[in-house]
Structures are given as structure tokens and as C-alpha cells.
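Just so you know, ligand 1 is whichever comes first in the structure, and atom 1 is the first atom listed for that ligand. Along the sequence shown, the residues carry numbers beginning at 1.
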Amino acid sequence: MLFKQKNKEHMKLDISSSQGSINVNSGSDVEKQIKMIRLTTYDLQVIHALQPFVVEEIDTIVARFYENLEHEPSLLTIIQDKSSIEKLKKTLKNHIVEMFSGTVDESYLEKRRKIAHIHVRIGLQTKWYMCAFQELLLSLMDVIEKNVIRKEECLLSIRAVSKIMNLEQQLVIE
Ligand code: HEM
């Protein structure tokens, strides 16, 4: 793994030994969507190689996610009415870590479609959803910047993460 520490700068992101797989219904729209955003098995390997860094930073990522919602107080009211920040922090942590599992299959897609319906049910407007996604993307870019030293690996990581986040957003605005 490539850590930003003086004596480890020669080390590489461990992409070749990490797992990536796409297994979705052949001929489905989502298969075409995945092709159109050029999300590949290799991107998923890169994503999986990043997972340990995401796990390491997950508390910060999730804290920042909820802090950002304070810009629109009605969002915090929705959370208090329907759930609690503590409960949602836990589910969001699992959700983000799973995003870095390197696997996109029907069960992955189904979970996300369900989550999208939950947000429709609570009346979350798309604009706030998109703002929250952007904050998440920025946090993930910070994780990459902090941990991936080599420029080529850094760019590979940013490309891969932007694609998986784009897929997430496509699934929720469907
Ligand atoms: C539920 C993720 C944005 C409010 C959830 C769950 C996940 C999740 C994984 C748990 C679903 C389950 O119980 O199976 C996300 C992601 C977001 C996002 C990835 C955007 C990047 C937001 C925003 C709000 C919000 C902006 C602000 C109001 C809620 C609430 C629930 C929930 C209240 C619980 C609903 C219930 O249990 O009835 N979200 N969320 N979410 N989310 Fe989000």
C-alpha cells in the first residue's frame, strides 16, 4: 500500500492483487449505464485497493457529511423526525465501505435502489441529495490525496472513485 510517510514513499497502491467484478443483468439499462460511464473491472480493483484508506478515515468522512447538512437545517429536522444522527452514521459508514468492496452486482444495485426509495419516502429533495454526494466525493478525494503518493495512481484513483459515485447518483435519481 502507498502511504504518505517518508520511509514508505517507494511503495505502490496494491491494485494487481485486489478484486474487482461487475456482474449485472446482460442487456439491462444499468449495464449500458456502466459502459457509458466507462466503469471497468480495473476501476473496481483500484476502488478495492483504496478500501483500507477509506476504512481508516471513515469516522472523519461521516462526521464531515453530517456537519455539512447543517447548512440546510430542514435536513437535520428530517433526520431527527425519522431517525437519529447516531443511527444514520452507522448505516452510512457501512454503505460507504461497501462502495469500496470492488463488486457491482444485482444485490449491490438493489440495495441502492431501496435506499433511494427510503429517501423519496422521507421527502429528501434531489438538490440536497446531490450536495451531500458532492461533499462525500470531496472527502474521498482528500483520502486519496493523503494516501496515494504517485501521480498516476492518484489520477487512476480519482477517475475510479468519480465513476462509482456517478453510478450511485444515477441509481438514486432513477
Ligand atoms: C437512511 C445513505 C443522504 C436522511 C439512509 C441509509 C443509508 C443512507 C445507507 C439507511 C437505509 C436503510 O435503513 O437501509 C445516504 C447517502 C446519502 C444520503 C449515501 C447521500 C450521499 C441523506 C441526506 C439526508 C438523509 C442528505 C437528510 C435528510 C436519511 C434518513 C434516513 C436515511 C432520515 C432514515 C430513513 C428511515 O429509516 O426511515 N441514508 N443518505 N440522507 N437517510 Fe440517507
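- Interface atoms of ligand 1 facing Phe65, defined by a heavy-atom separation under 4.0 Å, are 3 (C), 17 (C), 18 (C), 20 (C), 21 (C).
- Regarding atom 37 (O) of ligand 1, its nearest protein heavy-atom neighbour is Lys82 O, 4.3 Å.
- Checking Val172, Ile118, Thr91 against atom 14 (O) of ligand 1, the nearest heavy atom belongs to Ile118.
- Judged by distance alone, with hydrogens and angles left aside, the side-chain atoms of Gln33 form no donor-acceptor pair with the main-chain N or O of Leu167 at under 3.5 Å.
- For Glu174, the CD atom counts as densely surrounded, since its 6.0 Å shell holds more than 12 non-hydrogen atoms of other residues, nucleotides or ligands.
- In Glu168, neither the side chain nor the backbone holds a heavy atom less than 4.0 Å from any atom of ligand 1.
- Of the heavy atoms in Leu88, only side-chain atoms (C-beta onward) come closer than 4.0 Å to ligand 1.
- Taking only non-hydrogen atoms, the option from Glu98, Gln125, His119 nearest to atom 40 (N) of ligand 1 is His119.
- Using a 4.0 Å cut-off between heavy atoms, Leu124 contacts ligand 1 through its side chain alone, with no backbone atom that close.
- Going from atom CG of Asp14 over to atom CD of Glu153 covers 9.5 Å, rounded to the nearest 0.5 Å.
- Rounding to the nearest 0.5 Å places CD of Gln169 at 11.0 Å from OG1 of Thr126.
- Of the protein's non-hydrogen atoms, the one nearest atom 28 (C) of ligand 1 is Leu75 O, 3.4 Å.
- A salt bridge links Lys93 with Asp59: at least one charged nitrogen is closer than 4.0 Å to a carboxylate oxygen.
- Remark: the Glu135 side chain and the His71 side chain contain no N/O donor-acceptor pair separated by less than 3.5 Å.
- For ligand 1, the atoms sitting less than 4.0 Å from at least one non-hydrogen atom of Leu92 are 2 (C), 15 (C), 16 (C), 19 (C), numbered in the order shown with element in parentheses.
- The nearest non-hydrogen atom to atom 9 (C) of ligand 1, considering only Ile115, Ile96, Asn68, comes from Ile115.
- In the candidate list Ile78, Leu136, Ile122, Ile122 is nearest to atom 4 (C) of ligand 1, counting heavy atoms.
- Listed by number with element, the atoms of ligand 1 under 4.0 angstrom from any heavy atom of His95 are 9 (C), 19 (C).
- Under 4.0 Å is where a charged nitrogen must lie from a carboxylate oxygen, and between Glu67 and Arg64 no such pair does.
- Those atoms of ligand 1 that come under 4.0 Å of a heavy atom in Arg121, given as number and element, are 36 (C), 38 (O).
- By the 4.5 Å heavy-atom criterion applied to side chains, Met141 and Glu145 are not counted as neighbours.
- Between the side chains of Thr40 and Asp43, a donor-acceptor pair is found at a separation under 3.5 Å.
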